Amino acid sequence: MNIIEEWLSEHGKLHFSLIDPDKQPPAEAGKKAEKCAKYGTNAIMVGGTTVSSREMVYETVAEIKKRVEVPVILFPNSKEFLVDNADYLFFMSLLNSSDPSYRFYEQLEGAVVVKKLGIKRIPTGYIVISTSPIPTTVEKKTNLDKIGADDIEKAVKYALYTEYTGMHCLYMDAGSNPYQPIKDEMVRAVRENISIPLIIGGGIRDGITARKKIEAGADVIVTGTAVEENIEVVGEIIKEMKKV
Ligand code: 1GP
């Protein structure tokens, strides 16, 4: 069993809270993490597409670790911002990037850094689904082999590739604060085709939406914007997820 599978067997479906170190001072990030942990979140993810300071990542992780016991997982946008005080790292490839640096070269160079830091890796296939008429930050930053909101066949193809290359989980993301989350039909089709843990994020802003993703087959729900803008919603999401 990989670590995500272990957590799933221990806790049931999981909720991860994403904190962007660029959005608030480290001490405030620590307080947000503490609130999310009280609501029952299972891990704090630290990262974001626009992270720009290694020191901020380090300090943010340090403040979070002072206040919570749940694991802290780095969600990196570059090898430049890796730190050794988090518990885990999503060692991930943006599989549907048509830019090889996000798919391969950052990871190639990053591997040596990860070895040096000694941080535990969670090999992750990451795919971005384009659900919005206006591109999200991640879509603006990278050239994608676009997977549209209804492009189920293509999403399944990438999901199968992820499983067949030995990744420990698949993270399907609609990007931060998109027009709409990934559709339930897409989650269901992917779930029917793969057996590795399925992480779904992007645009999940209320309990019912989160529950529907779980019912469709998601194993982990990630919320970021809700943590930043309306943290009480995290409690509602976790409560609703537990009903499944
Ligand atoms: C983005 O999946 C995360 O990478 C979170 O998205 O900010 O829309 O919750 P939101």
Side-chain angles (χ1 to χ4, degrees), residues 4 13-24 29 32-33 35-36 39 41-52 57 60 72-78 81 88-97 102 106 122 124-142 144 147 149 155 158 162 169-184 186-187 190 197-214 216 218-238 240-241:
I4 303 275
K13 302 291 181 172
L14 304 168
H15 177 270
F16 293 173
S17 302
L18 172 62
I19 293 180
D20 185 335
D22 270 10
K23 296 246 170 89
Q24 66 285 291
K32 282 183 184 169
K35 267 200 177 167
C36 293
Y39 288 132
T41 202
N42 301 100
I44 308 292
M45 286 166 56
V46 175
T49 314
T50 56
V51 167
S52 55
V57 178
T60 299
V72 177
I73 309 171
L74 293 180
F75 176 51
N77 68 341
S78 157
F81 310 122
Y88 295 93
L89 160 75
F90 280 126
F91 192 81
M92 57 186 216
S93 290
L94 174 46
L95 294 173
N96 67 318
S97 170
Y102 289 103
E106 273 298 309
I122 304 175
T124 303
Y126 180 58
I127 64 176
V128 172
I129 310 297
S130 301
T131 64
S132 308
I134 304 158
T136 57
T137 315
V138 62
E139 288 176 271
K140 278 187 217 146
K141 208 176 161 206
T142 62
L144 293 177
I147 307 173
Y158 271 100
T162 304
C169 57
L170 169 64
Y171 182 179
M172 287 173 73
D173 195 359
S176 186
N177 208 11
Y179 171 69
Q180 58 177 345
I182 296 169
K183 290 186 178 175
D184 298 344
M186 186 178 273
V187 174
V190 165
L198 177 58
I199 304 173
I200 300 291
I204 300 174
R205 305 182 192 104
D206 63 86
I208 309 286
T209 305
R211 176 159 59 76
K212 285 190 175 158
K213 302 302 163 214
I214 296 287
D219 294 303
V220 184
I221 297 294
V222 177
T223 54
T225 304
V227 177
E228 304 293 344
E229 292 175 6
N230 190 7
I231 202 160
E232 291 74 28
V233 167
V234 173
E236 186 206 313
I237 286 172
I238 294 170
E240 204 58 45
M241 283 172 63

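Start at 1 and go down the list; that is how both ligands and their atoms are numbered. Just so it is clear, the structure is predicted and the values come from calculations on it, not from any experiment.
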Close N or O approach (Thr225, ligand 1; < 3.5 Å):
yes
Angle class for the Tyr126/Phe75 ring planes (parallel below 30°, perpendicular above 60°, tilted otherwise)?
perpendicular
Contact atoms of ligand 1, heavy-atom distance to Gly202 under 4.0 Å
2 (O), 3 (C), 5 (C), 6 (O), 8 (O)
Any idea which atoms of ligand 1 are less than 4.0 Å away from a heavy-atom of Pro178?
8 (O)
Please identify which atoms of ligand 1 are closer than 4.0 Å to at least one heavy atom of Gly224.
5 (C), 7 (O), 9 (O), 10 (P)
Any nitrogen or oxygen of Ile204, side chain or backbone, less than 3.5 Å from one on ligand 1?
no
So OG1 of Thr60 and CD1 of Ile19: to nearest 0.5 Å the spacing works out to 8.5 Å
At under 4.0 Å between heavy atoms, what of Tyr171 touches ligand 1? The answer is side chain
Option passing salt bridge (charged side-chain N to carboxylate O under 4.0 Å, His left out) with Glu228 (candidates Lys35, Lys23, Lys32, Arg205)
Lys32
Which heavy-atom pair separates Leu14 from Ile4 by the least distance, and what is that distance?
CD1-O, 4.2 Å
Nearest-0.5 Å distance that lies between atom CG in Asp219 and atom SG in Cys169:
9.5 Å
For Val222, is at least one N or O under 3.5 Å away from an N or O on ligand 1?
no
Exercise: do Ser132 and Gln180 side chains pair donor with acceptor under 3.5 Å:
no
Only heavy atoms of Asn177, strictly under 4.0 Å: list the atoms of ligand 1 that pass.
7 (O), 8 (O), 10 (P)
For Gly201, take its heavy atoms, then give the atoms of ligand 1 lying under 4.0 Å from any of them.
2 (O)
Suppose I only count heavy atoms of Ser176 and a 4.0 Å limit; which atoms of ligand 1 are within that range?
1 (C), 6 (O), 7 (O), 8 (O)
Rounded at 0.5 Å granularity, tell me how far CZ in Phe90 sits from CE in Met45.
5.0 Å
Which of the atoms of ligand 1 are close to Phe75, meaning less than 4.0 Å from one of its heavy atoms?
4 (O)
Please report the interatomic distance OG(Ser17) to CD1(Ile73), rounded to the nearest 0.5 Å.
10.5 Å
Atoms of ligand 1 close to Asp173 [distance to a heavy atom under 4.0 angstrom, numbered from 1]:
1 (C), 2 (O), 3 (C), 4 (O)
